[in-house]
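Following: one structure in structure tokens, then a few remarks.
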Amino acid sequence: MIRTRFAPSPTGYLHIGGVRTALFNWLLARQSGGQFILRIDDTDQQRNVEEALQPILDGLRWLGIDWDEGPEVGGPFGPYYQSQRSDRYRAAVERLLDGGHAYRDYATPDELKAEREAAEREKRPFRYSRRFMAETPEQRARFEGEGRQAVVRLKMPTEGTLVLDDLVRGRVEFAWLSEQDHVIQRADGTCLYHLANVVDDHDFQITHVVRAEEHLSNTPRQVFMLEALGYPRPTYAHLPFVAEPGSRNKLSKRKLDKYLKNRDFAQLVEHGRKIAAAIGHAVDADGFNPVIVDFYKTVGYLPEAIINYMALLGWSLDDKAEHFSRQELIEKFSLERVNKAPASFDPQKLMAFEDWHFQQLPAQRKLELVVPFLEKAGLVASPPTPDQRQIVEEAVAAAGDRIKVAGDILLFPYFFQSDEQMALDEKAVAKYLPQSRELLVKFRDCLVAAEPFDAPTLERAMHDFVDAEGIKIGQIIHAVRVAVTGQSVGMGVFDTLAILGRRRSLGRIERALNRP
RNA sequence: GGCCCCGUCGUCUAGUGGCCUAGGACACUGGCCUUUCACGCCGGCAACACGGGUCCGAAUCCCGUCGGGGUCACCA
């Protein structure tokens, strides 16, 4: 029975790199009929754990990464918050102390710092001298008499090597000598992450520890602890991390400004901001950032597209397969095929996956996804009237793959705006309207006469008009578009006219003609 | 700096000694379609970090170099 876990800290946001780690853990559990556990690493007691956790939980749920045990669902091994498990950790510390695998250390931070600096000066690797180690009551009494306070440190071995068989890394060796006597319990009695991690993984019966590569170097101390505690060693798999676009550095939420210098990244952000602004969502740099999952949710990306893209960031099935459904990923995923090298996040490729997945959707589904954006933007009633629904349906169909993200419906606001509300792109107006004025006046009559007022009829009407006038279609079609939509780009003009209907089309042309 | 990890087109990757004059995808780019935009179609550019071995034969194995990253907290 495979049991995996994802252990986020309540930071207030779900990092895209975290998603990949969670996904791989989830996939592994789901494909084997095992369990995926969510544990909250909140040992550095913050104020608003619940508040800082909610976006993470929401993000995971939105992505379809559900957990069998953890916050909000409970489970037989709870609590699943590290802050509520301190007695478990203290008991483990006691056992480590009793077994001689850890010791109380009374060195002050300054004394420690001095040792570190001395080692650096002499250009030798630092290793704590254990000068203030206390293993007997007498020693403790003496140090405490000096007013010192104790932390608990691991008493790491000084010889031999640890051999780790990592599912993605292969065989990795560490010399015990180069490991530090890490602190596992602070002077105030609270425990540190590594200890908590080992205890929890054991308590929750985690069989496979799948986590980011940055934890590889931390593994020896964890193995030391779990062996000292008599726990079985889980199977480890250290994933390459998700890197910045065009670099090998770890992707970081705080470096958005730097990423914005990357053209593709800037494009993605700009596209997102436009949509977010239209629906009244705050677009400040901190809360609205493509490194965070919430960004995609806000803009209307498909969770299955993000899942698909993330799965391929460091994993592949073969030389061809690109598009996977959730179910296919569950069936095909394997840690053996996870890459070792970091994979950098490519906004354009994500968008390509989004596009593909969105175009797979049936019209009805697209409609459901798109309507909330129009509602939030105040372009349709909530819920939309039957007439509005009709227009949305036609617009989505006519837009075709121009809508890649649900929020892209806002590219076509003019269907839902009154003539007065519709914004005019002055540059487009200046470019196409003046020289086509006369033609536009004449073409108006074709629109009056067209029967029925649908795209094929209108197209025929325009071609007849063009033939009769002896002009090129370009001399009239752009003017019509600008007059009717206010823009120079968009979906097919005839579709646009048909969706707008005769009355509104004529009204807008009239309006354009009457502009000073 | 010590220790550990990593190194195939710009990016994600296929590749486990001959099928590789290195395949696919995204991006870029030329053309077609369309007098918008998007899609689609056809074509192009573009990589085994470097140097030594081993071998009849190396992107694939070994050694070294270089480069990148991670980690060395009373953070997680």
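Letters go in sequence order (proteins before strands), and every chain restarts at 1.
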Both distances under 3.5 Å, Watson-Crick or G-U wobble: report the partner of [N], or none.
{"N": "C3(B)", "answer": "G70(B)"}
{"N": "A25(B)", "answer": "U11(B)"}
{"N": "G18(B)", "answer": "C56(B)"}
{"N": "U35(B)", "answer": "none"}

If the [atom1] atom of [N] is compared with that of [M], how far apart are they to the nearest Å?
{"N": "A14(B)", "M": "G23(B)", "atom1": "P", "answer": "15 Å"}
{"N": "A47(B)", "M": "A22(B)", "atom1": "P", "answer": "10 Å"}
{"N": "G18(B)", "M": "C28(B)", "atom1": "P", "answer": "36 Å"}
{"N": "A58(B)", "M": "U21(B)", "atom1": "P", "answer": "12 Å"}
{"N": "G68(B)", "M": "A76(B)", "atom1": "C1'", "answer": "25 Å"}
{"N": "A25(B)", "M": "C63(B)", "atom1": "P", "answer": "36 Å"}
{"N": "U16(B)", "M": "C61(B)", "atom1": "P", "answer": "10 Å"}
{"N": "G51(B)", "M": "C45(B)", "atom1": "P", "answer": "25 Å"}

For nucleotides 69-76 of chain B, just jot down a letter per nucleotide in 5' to 3' order: B, S or -, based on protein non-hydrogen atoms under 4.0 Å.
SBSSSBSB
A correct 5'-to-3' footprint of nucleotides 34-48 of chain B, with B, S and - meaning base, sugar-phosphate only and no protein heavy atom under 4.0 Å, is -BBBBS---------
The side chain of [X] is closest to which nucleotide in this list: [options]?
{"X": "Gln348(A)", "options": "A14(B), C6(B), C26(B)", "answer": "C26(B)"}
{"X": "Phe174(A)", "options": "A14(B), C4(B), C26(B)", "answer": "C4(B)"}
{"X": "Ala343(A)", "options": "C28(B), U13(B), C5(B)", "answer": "U13(B)"}

Would you check if the distance from the ring center of Trp315(A) to the ring center of Phe324(A) is below 6.0 Å?
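Yes - the distance between ring centres of Trp315(A) and Phe324(A) falls below the 6.0 Å cut-off.
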Heavy-atom donor-acceptor pair, [X] side chain to [Y] backbone, under 3.5 Å:
{"X": "Asp181(A)", "Y": "Lys155(A)", "result": "no"}
{"X": "Gln475(A)", "Y": "Ile471(A)", "result": "no"}
{"X": "Arg211(A)", "Y": "Thr21(A)", "result": "no"}

Is the cationic atom of Arg20(A) (NZ for Lys, CZ for Arg) positioned less than 6.0 Å from the six-membered ring centroid of Phe24(A) and within 45 degrees of its normal?
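Here Arg20(A) passes the 6.0 Å and 45° test against Phe24(A).
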Check for me whether Lys366(A) meets the cation-pi criterion with Phe358(A), that is, NZ or CZ under 6.0 Å from the six-membered ring centre and within 45 degrees of the ring axis.
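Not satisfied by the 6.0 Å and 45° rule.
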Just checking Glu94(A): does its CD atom have more than 12 heavy atoms from other residues, nucleotides or ligands closer to it than 6.0 angstrom?
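More than 12 within 6.0 Å, yes.
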Without decimals, in angstroms, what is the distance between [X] [atom1] and [N] [atom2]?
{"X": "Met351(A)", "N": "A25(B)", "atom1": "CE", "atom2": "C1'", "result": "17 Å"}
{"X": "Arg20(A)", "N": "C12(B)", "atom1": "CZ", "atom2": "C1'", "result": "12 Å"}
{"X": "Phe345(A)", "N": "A27(B)", "atom1": "CZ", "atom2": "P", "result": "15 Å"}
{"X": "Lys123(A)", "N": "G2(B)", "atom1": "NZ", "atom2": "P", "result": "10 Å"}
{"X": "Glu173(A)", "N": "G2(B)", "atom1": "CD", "atom2": "P", "result": "19 Å"}
{"X": "Glu244(A)", "N": "G68(B)", "atom1": "CD", "atom2": "C1'", "result": "12 Å"}
{"X": "Trp356(A)", "N": "A27(B)", "atom1": "CH2", "atom2": "P", "result": "15 Å"}
{"X": "Ile306(A)", "N": "C26(B)", "atom1": "CD1", "atom2": "P", "result": "19 Å"}

When you check the side-chain N and O atoms of [X] and [Y], is any donor under 3.5 Å from an acceptor?
{"X": "Asn308(A)", "Y": "Arg326(A)", "answer": "no"}
{"X": "Ser83(A)", "Y": "Asp42(A)", "answer": "yes"}
{"X": "Thr108(A)", "Y": "Glu111(A)", "answer": "yes"}
{"X": "Tyr89(A)", "Y": "Gln185(A)", "answer": "no"}

Between [X] and [N], is there a contact of a side-chain N or O with OP1 or OP2 at under 4.0 Å?
{"X": "Lys340(A)", "N": "C5(B)", "answer": "no"}
{"X": "Asn339(A)", "N": "A14(B)", "answer": "yes"}
{"X": "Arg337(A)", "N": "A14(B)", "answer": "yes"}

Heavy-atom distance under 4.5 Å between the side chains of Glu244(A) and Lys255(A), does that happen here?
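Yes; the side chains approach each other to less than 4.5 Å.
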For RNA chain B, which residues of residues 315-326 of chain A approach it to below 4.0 angstrom with any heavy atom?
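Listed by number, they are Ser316(A), Asp318(A), Asp319(A), Lys320(A), Glu322(A).
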Taking the inter-plane angle between the rings of Tyr301(A) and His271(A) on a 0 to 90° scale, is it parallel (under 30°), tilted (30 to 60°) or perpendicular (over 60°)?
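Perpendicular.
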Can you list the steps and then say if Trp356(A) with Tyr309(A) is a ring pair (Phe, Tyr, Trp, His ring centres under 6.0 Å)?
CA-CA 11 Å; Trp356(A) 188 87; Tyr309(A) 175 67; over 10 Å; no
